[in-house]
Structure formats: structure tokens, C-alpha cells
Amino acid sequence: MLKTFRGGVHPKDYKSIASEITVETMPPPQRVVIPVSQHIGAPGVPTVAVGDTVKKGQLIARADASMTSWVHASISGKVADIAEYPSSYKDKSLAVVIESDGLDEWAPDIPAVRDYESLSLEELHKLIGQAGLVGLGGANFPTHFKLTYGPEKHIDTLLINGSECEPYLNADYRVMMEETDRVVLGAKIAMKSLGVSRCIVGIEDNKPKAVEAMKKAFEGTGVQVAALPTKYPQGAERMFIKVLTGREIPEGKRHSDIGVVGLNVGSVAALANAVEKGVPLIERVITVSGDAIAAPKNLRVRIGTSFQDIVDYCGGFSRTPEKIINGGPMMGYAVRSLDIPVVKGVAGILVLSKDAVSHDEESPCIRCGKCVEACPAGLVPSMLSILSERGRHEEARRDYGLLNCIECGSCAYICPSKRRIVQYIRYSKSKNAGHGHK
Ligand code: SF4
Ligand code: SF4
């Protein structure tokens, strides 16, 4: 039996709203807005100009930096604009706007047919670097950076994350159920790229069908599939690594410093498509759910499709929405407008009525300690929120581990005073910009 991590909470998961709905491919939209920065690291620099004709899969932005990710056209058509647009990743980002020509034509040489086993390591790394892959679990970390670590990092373990512990979201679950062969192939490619023989797939035990499907698919490959105790935030990188390997990431360090690389299942499936078919990351699976969307769905959508187009495709609102969230209710962000595009890290759109949103007023901390018990990072969330309120942001960082907060929301979820602890923490972090982790 696997050990669990400290803290954590058990929010109602609401997954059954959409979990058994097969992924539907949304037709390509008439217009996409594709930010050149959808990832951690250097933003891409546009390689196209207004008026250019582009094909699906064509490179439209790149940067010459190790920590970056290429960006590709997700539809064929004409570049209508290159300017700052609202984004679902940052408030605003330089974006390439493409108006569809209705043809949806691939760029030359896509799709290709390749056998990953016959590729040299150099060829493999080059292909991964050109595919625009980022962590699809929401981390937005460039995948090629993770898969091309040198021997000095002593990476010995690949972990594949199918936890999907956020309530409502089913994108990873559907990928495991419907793209099983892609996940297996992607895992083999990632293992070759890293030169590791140890690989574990971790899935929360509230998804028994996915555990079963993955166990069957990986039979005879040497890859282990582990059912993890369901507890939020099981899918957070630090918790996931700790539970599966017993290793802890020291303060200020990364997964690679303890010999582990973790990839989301969706990223692994996208890796298989990138290497075997030469198809860059131009679409992803998202869950559209909540009690105020007319038809909840799991959808394959093109990167750059607007939230508005997606909501319309799902039949619009079934009742007045009180809150629309980019992502899940625990770690996602409320959006003010539907005029923002889906970027690579968007796993879902939640449309919630007033009945599904808490209206409790925030009150002063009663020092009950529940947030401390719930914090998986071992912090004192009550203190962090109070220091933030008082403007003592540096003290929060220096003495209370502010930057170790993974913004999981467990503290705010459990707090009887309904304190908006994560908002306080995010604000303090913004005041400590420049002191981020390595
Ligand atoms: S302080 Fe941060 S890591 Fe701890 S429970 Fe709150 S949001 Fe999660
Ligand atoms: S859970 Fe809320 S009320 Fe209790 S100590 Fe934490 S911040 Fe204070």
C-alpha cells in the first residue's frame, strides 16, 4: 500500500457530470488567437507577418532559448493581426490571429510517419524541441526541457501523472480511456529520450476504469501502473513524486534535482503524436462542465479557440452563470470575459451558477489551525494570509516559506472563516517577484 502525503482535503469531485462522455472533436473555429507565450520561459518571437498565408501545424513563433516552446498555427488561413490580446495564461500576451480559409490544410511534411526506435537520440531531441509541447496538466513547463536533461542530472525515473485530482475535470481520464495506445507509445518515447528504464504511471483510485485500462495497455512493458489514494492535491508534482518514489524536492529545487521527471498523461499522448506523426501541439482535450452549461462535454479543441466559441458549441448557458473558471475550482482562475483563447495549459472551463458558488463572507481568522493541518506543503497559511493583509510580504517569504506554496487551495477550502487565503498568497508572491524558485 502506498503511503499518502501530509495534509490535503477531500472536496466533492463532481466528475460524474462529464466523466463518461466520449471526447468530441469541435470543428475548427473561424478565427484563432494564439499567444506566443503559453509556457514558462522565453516567449516566442513571431516568424510570420500580417497578411501571410499559413497552414495547420506551421511554425508561427519561436525563441532561441533553452527554456521556451515553439508555437504553431492551429488552423490554415491568413494572419489577420499580430498584437497584444487578452490571454488565459497571462493577462495579456502578444498573439498571432489567424482567420480560417475553411480548408484546414496541413503544412508540408505533416503528418509524417516515423519509427521512434530508429531515431538517434539527437534526432529525437530535435523533434521534441520543435513540437511545441508543454505540460498539459496546467504547469506549462516546456516538455523538451524535461526530456533532454544531460547525464549530470542523474535522472533515473519517469513518472506519468494521471491523477487529475481537480474536481470536475476529466480530460486526462478520457485520454487514458480513449488514447491508451498513445500514452503507451509516448511513455516509451519519453523513456528513450531520458535513457531511463523505470517508469510509473500514477492514477487516483477514484478512476478504476482508467487504472484497469492502463494496466492492461502497459502489460509486459515493465512500466508500473499504481492506483493512488484519492486525496487532493494528489496530482501536484511534489505530492505525486513523494507518494510514488518517497523522494522530496528540497526547497528552491526542482524535480530534476532528485532524479525524477514527471509528465502529465495528456503530454505523453501529445509526445507520441509529435514524434510518430510529426504533429505539433495544436489541439488538446478539455472538459467543459458545471451546473450552468447546457451540454457538458469533453472536447478536443484547437489552441487559440475562444472560450466564447466553446461555450456556444456546448449549447450556451442553461442558467445564469455566476462564475466561469479557467481550470478546476481549486487551482483555476475566475475569468472576467469569454473573449480569451484556450492555450496549451487549459484543462477545462467550468460554468457555475450561484448555487454552485460559495457566497460566504470572509471573516477574521479564529486560529482553529485547520488550514495548517490541510496544507500539503507544511506551511502556516493563516499566518501567510495575515502577513499579506498587513503588507508584510517580505517577511512572509523570508520566514514563512511563501514561495513553497503550490496554490492548491486546500487551506481556503477547509477554512471555516472562508478566508481568501490563496488570493492573499498570490498577492504576496507578486510583491516578491524576482525571488522565484530556480
Ligand atoms: S498555503 Fe499554499 S500549499 Fe498550503 S494549503 Fe494553502 S494554497 Fe496549498
Ligand atoms: S482555517 Fe481559517 S480560521 Fe482556521 S486558522 Fe486557518 S485561516 Fe484561521
Side-chain angles (χ1 to χ4, degrees), residues 4-13 137-141 161 163-169 204 228-243 248-255 262 325-334 345 347 358-433 435-437:
T4 185
F5 56 92
R6 80 177 293 286
V9 290
H10 292 91
K12 188 166 182 318
D13 73 16
N140 304 302
F141 199 93
N161 195 336
S163 304
E164 201 167 48
C165 57
E166 269 275 4
Y168 290 95
L169 302 186
E204 279 197 332
L228 310 174
T230 297
K231 183 169 70 163
Y232 181 87
Q234 179 67 76
E237 187 176 57
R238 282 170 188 262
M239 285 76 235
F240 191 69
I241 292 174
K242 173 83 196 314
V243 168
E248 291 197 49
I249 303 177
E251 189 171 341
K253 299 284 185 186
R254 285 205 190 116
H255 54 263
I325 300 175
N326 166 9
M330 299 295 283
M331 292 185 86
Y333 288 81
S358 165
H359 293 276
D360 295 325
E361 288 294 319
E362 182 181 61
S363 54
C365 172
I366 56 170
R367 301 194 188 273
C368 65
K370 286 189 175 175
C371 58
V372 180
E373 275 171 41
C375 179
L379 304 176
V380 184
S382 49
M383 200 60 200
L384 289 171
S385 70
I386 289 167
L387 289 173
S388 177
E389 268 181 310
R390 295 178 183 170
R392 289 155 61 182
H393 308 295
E394 196 187 333
E395 192 180 335
R397 174 182 58 79
R398 197 186 55 229
D399 301 337
Y400 290 91
L402 172 77
L403 300 184
N404 286 331
C405 168
I406 58 169
E407 299 180 20
C408 67
S410 299
C411 50
Y413 172 81
I414 208 79
C415 175
S417 296
K418 301 297 168 200
R419 290 180 55 76
R420 310 211 188 320
I421 303 173
V422 182
Q423 274 101 313
Y424 287 122
I425 288 175
R426 283 179 181 156
Y427 184 64
S428 275
K429 281 187 177 178
S430 73
K431 292 292 173 187
N432 277 287
H435 288 278
H437 282 163

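Note that the structure is a prediction, hence the values are computed from the model and not measured. All ligand and atom numbering here is 1-based and tracks the order in the structure.
- Within ligand 2, counting atoms from 1 as listed, the ones closer than 4.0 Å to a heavy atom of Cys415 are 1 (S), 2 (Fe), 3 (S), 7 (S).
- Among all non-hydrogen protein atoms, the one lying nearest atom 4 (Fe) of ligand 2 is Cys368 SG, 2.3 Å.
- Every pair passing side chain to side chain donor-acceptor pair (under 3.5 Å) that includes a residue from residues 365-385 is listed here, sequence neighbours excluded: Ser385-Arg419.
- Nearest heavy atom pair, residue Asn404 against residue Leu379, reads C-CD1, 4.0 Å.
- Distances below 4.0 Å separate heavy atoms of Ile366 from the following atoms of ligand 2: 3 (S), 8 (Fe).
- Annotation for Pro233 and Gly8: closest pair CD-CA, 4.2 Å, computed over non-hydrogen atoms.
- For the pair Gly369 and ligand 2, a heavy-atom separation below 4.0 Å is found.
- A distance-only check finds no donor-acceptor pair linking the side chain of Tyr232 to the backbone of Gly409 [under 3.5 Å].
- In terms of heavy-atom proximity, Ala412 sits nearest to Ile421 at N-CD1, 4.1 Å.
- Around atom 4 (Fe) of ligand 1, the protein atoms of type N, O or S that sit closer than 2.8 Å are Cys375 SG.
- Against a heavy-atom cut-off of under 4.0 Å, Pro416 is close to the following atoms of ligand 2: 1 (S).
- For ligand 2, the atoms sitting less than 4.0 Å from at least one non-hydrogen atom of Arg367 are 5 (S), 8 (Fe), numbered in the order shown with element in parentheses.
- Contacts classified as salt bridge (charged side-chain N to carboxylate O under 4.0 Å, His left out) and involving residues 400-409 (residues at least two apart or in different chains) are given here: Glu407-Arg426, Glu407-Lys429.
- When hydrogens are left out, the protein atom nearest atom 8 (Fe) of ligand 2 is Cys365 SG, 2.3 Å; that is the closest non-hydrogen contact.
- Atom 7 (S) of ligand 2 has Ser382 CB, 3.7 Å as its closest protein atom, hydrogens excluded (heavy atom only).
- Contact between Met331 and Ile406 at its shortest, heavy atoms only, is CE-O, 3.0 Å.
- No donor-acceptor distance shorter than 3.5 angstrom exists from the side chain of Glu166 to the backbone of Gly327, with no hydrogens or angles considered.
- For Thr230, the side chain to side chain donor-acceptor pair (under 3.5 Å) criterion is met by Asp205, not counting sequence neighbours.
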